[in-house]
Every structure is written in C-alpha cells, then in structure tokens.
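Only one structure is covered here, and it is reproduced in the block below.
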Amino acid sequence: MKTLGEFIIENQNQFEYSTGELSRLLNAIRLASKAVNHEVNKAGLVDIIGATDQKNHSNEEQQKLDVYANQAFKRALINRQIVCGFASEEEDDFIAISSENDNKRNNYVVLIDPLDGSSNIDVNVSVGTIFSVYRRITPSDQPVSAADFLQKGAKQVAAGYILYGTSTILIYTTGYGVNGFTLNPALGTFYLSHPNLKFPAAGNIYSINEGNYVHFPQGIKKYIKYCQEDKNERPYTARYVGSLVSDFHRNLISGGVYLYPPTLSYPDGKLRLLYECNPIAFIAEQAGGAATEGKNRILDISPEELHQRCPLYCGDKSMVGDIDRFLKFN
Ligand code: AHM
Ligand code: MG
C-alpha cells in the first residue's frame, strides 16, 4: 500500500513550479500532525486537558491542546525554514520568516487552524487540523506582507485537514483531486486509503447547529423545514458533531451538506474565511461538491482581514444549490 511520503514525491511533478518545496511543506505538516495526534490521543491520561488562562485573537479561551498544536505546526514549518510566512487562528498576526540563505528563499505561506473544534477535546469527541497554502505574491527578496495571506481562496495551491477521529486521517488536495491517508498508529505511517475522493451521487445529511434556529435567516429556517417534512419523499437526516472537520468529512464520505449561517452571536457566521472556509471549500470543489456564503462561491471572496468570519454552506453540490435558492427566494 502506498504511503503518504511516497505519494507526495510521486506527484511532485504536477506542480507548476516543481522544485520539491511544496513536497517538503506537505511532509512537514505530515510530521507535525503525528505529534499532535499523539498528544490528542493521550489527552485523557495526563494533566493536559482543560483551558489555559489565555485568550486568542477572537477573545476565545485557548485550550492547552490548541496551544500545543499551534506550536507543533509552527516548529515544523518555521524552525525548519520550510515557509516564508505563517498565519494561525491562534496567532494575532501573521509571522514573516526571513531566510538565512539567499539561495534558498521560500515561496509558500501557510494558514492554519491548528486544532479545530477544540471545545470537543474535554469530552473525547473528534477534532481536526485545517491548513491552506498559497504561493507568495510579494517578490521573494522582500518579507511577506498581508497581501500574501489575503489572497482569494481560488489562489490556494494546496489545502487539507487531519481528522483525529476513531482513526486519524489526513486529506489533502493540490488541485488534482482529493486523496485521503489513514494513519497506522503501530507504524506511525499514513497510507493511501481513500484515493480520488468524490461526494456520493445524492446526499441526504444536513449538518447545522439547530440550537440557533430562531436567529437563522428565513431561507435557512425554510430549508430546515424542507429537509424535515415529507420524510418519504425527501429522505433527509440530521447529523451534527460540532467539529467542522468531522462534520465535513462525514458528509464527504456519506453525502451531505454543512451549514453555518449568520446568527445573533455571529452576524457573519462563526467560521473563519482564511483558516476554515477557504481550505474546506477548495477540498469540497475538488471532490465534486460546492461551497458558498449563500450566494457567491467561497473561493471568489476577496479577504479583507486575517481573522474575518464568513457564513458557510458546503458539501453536496445539489444540496448547496438548494440552500442558495432558499436564501434567494425567502
Ligand atoms: P473553533 O475553531 O474555535 O474550534 O470553532 C469552530 C468550530 C467548528 O469546528 C464547528 O463546526 C463550529 O465551531 C461549531 O460551532 P457551534 O458550537 O456554534 O455549533
Ligand atoms: Mg476552527
């Protein structure tokens, strides 16, 4: 069976500027994800669960594993001089990384949500890591600037997630389809388990936090009712973990749609455009699905700031189309 390391090397020549740099970057993410996986797996055993006394940029309490995961990916990508820029949901601002060696200037920036769904950590429910990669647009002899991070999602050269679930799986795309690799924990090796992933032909799962129902836009309220009514004609069912990576992954494998509309607490939706919506949207489209903010394609949004939020409707293409229509006509 093919390993992730072998797959990365074999497919290196697909990239437009193939020098091995993107392969090194993906390998660094692979390594860091194993360290995070190890830590997540023993969360119940050691005194590591629970909150720190620190808050992140969005004034949310940081969990200890959030901080650990952020450090692990930072160490893998920055200390080893793999990237020229790094931005994280857990950092206030982006980090520009200068190269000590003029002959080895790096060209890629990484944006990451190191531990998504972290409110699930203390209750032993699956969490994930989401990453997004862009090629820098500032000249390589200058430090990266905000513009390198605020590119449209359509400019991503790679995106992926790691789901620390009943098994640990790494899914990624470089724009040539989506492939999934499951970790063999005994060997510490990811193996190609889900080649060329596509959404099933007809989805029937909708994933949304219905606790916020009264605050949803009219179109979303009606869409939920449409899914609930007339069961025999429309065999929809609801599933919601509350961890984007888990919810998206289930819908990718089994067929369904994920919704996070605007709410009273989050008028622009809860999810972050750069760390969550863009990478998940890139993967969704590469798997034959769709992702919109209710009207427009997520990947066409011009970001204005690093931590901006955005509504997300993502998954099975025809279900996303239905949601957009409900929003338009209600
Ligand atoms: P986080 O990045 O702070 O963990 O927040 C994002 C998470 C998503 O994984 C999940 O889909 C969503 O928040 C759940 O939100 P809610 O609890 O409002 O349903
Ligand atoms: Mg998150």
### Task
Kindly check if the number of other-residue, nucleotide or ligand heavy atoms within 6.0 Å of NZ (K198) is above 12?
yes
### Query
With side chains defined as the heavy atoms from C-beta onward, is the minimum distance between I298 and L273 less than 4.5 Å?
yes
### Message
Using the rule that Ile, Leu, Val, Met, Phe, Trp and Tyr join whenever any side-chain heavy atoms are under 4.5 Å apart, tell me whether Y258 and L274 fall into a single cluster.
### Response
yes
### Query
Does some side-chain heavy atom of E276 sit less than 4.5 Å from a side-chain heavy atom of F248?
no
#### Entry: Non-hydrogen side-chain atoms of V257 and I205 separated by less than 4.5 Å
no
### Query
Quick one: does I112's side chain get under 4.5 Å of F86's, heavy atoms only?
yes
### Task
Answer whether the closest heavy-atom distance between the side chains of Y134 and L111 falls below 4.5 Å.
yes
### Query
Can you tell me how far CZ of R30 sits from OG of S23, rounded to the nearest 0.5 angstrom?
10.5 Å
### Query
Are any of the side-chain heavy atoms of F73 and S33 separated by less than 4.5 Å?
yes
### Query
Which pairs count as salt bridge (Lys or Arg N to Asp or Glu O under 4.0 Å) when at least one residue sits in residues 240-258, sequence neighbours excluded?
D247-R250
### Query
How many angstroms lie between atom NZ of K34 and atom CD of E39, to the nearest 0.5 angstrom?
15.5 Å
### Task
List, by chain and number, the other hydrophobic cluster members for F329, where Ile, Leu, Val, Met, Phe, Trp and Tyr join if side-chain heavy atoms come within less than 4.5 Å, directly or indirectly.
none
### Message
Checking T173 now: which residues fulfil side chain to side chain donor-acceptor pair (under 3.5 Å) with it, not counting sequence neighbours?
### Response
none
### Query
Residues two or more places apart in sequence or in another chain: which of them pass side chain to side chain donor-acceptor pair (under 3.5 Å) with D316?
none
#### Entry: Cation-aromatic face contact K74/Y68, 6.0 Å, 45 degrees
no
### Query
Can you check salt bridge (charged side-chain N to carboxylate O under 4.0 Å, His left out) on R297 and E285, steps first, answer last?
CA-CA 10 Å; R297 192 178 167 227; E285 287 197 4; 2.8 Å; yes
### Summary
Residues D116 and V127: closest non-hydrogen pair is O-CB, 3.4 Å
### Query
Heavy atoms, side chains only, cut-off 4.5 Å: are L170 and L183 in contact?
no
### Query
Which residue pairs satisfy the salt bridge (Lys or Arg N to Asp or Glu O under 4.0 Å) criterion with at least one member in residues 317-330, sequence neighbours excluded?
D322-R325
### Task
Fit a plane to each ring of H194 and H249, take the angle between them on a 0 to 90° scale, and name the class: parallel (under 30°), tilted (30 to 60°) or perpendicular (over 60°).
perpendicular
#### Entry: Beyond-backbone contact of I208 with Y206, side-chain heavy atoms, under 4.5 angstrom
yes
### Task
Evaluate the ring planes of Y172 and F7, with Trp represented by its six-membered ring, and classify them as parallel (under 30°), tilted (30 to 60°) or perpendicular (over 60°).
perpendicular
### Task
Taking side chain to side chain donor-acceptor pair (under 3.5 Å) as the test, write out the residues that go with S254, two or more places apart.
none
### Task
Give a yes-or-no answer on whether the side chains of S207 and N251 include a donor-acceptor pair shorter than 3.5 Å.
yes
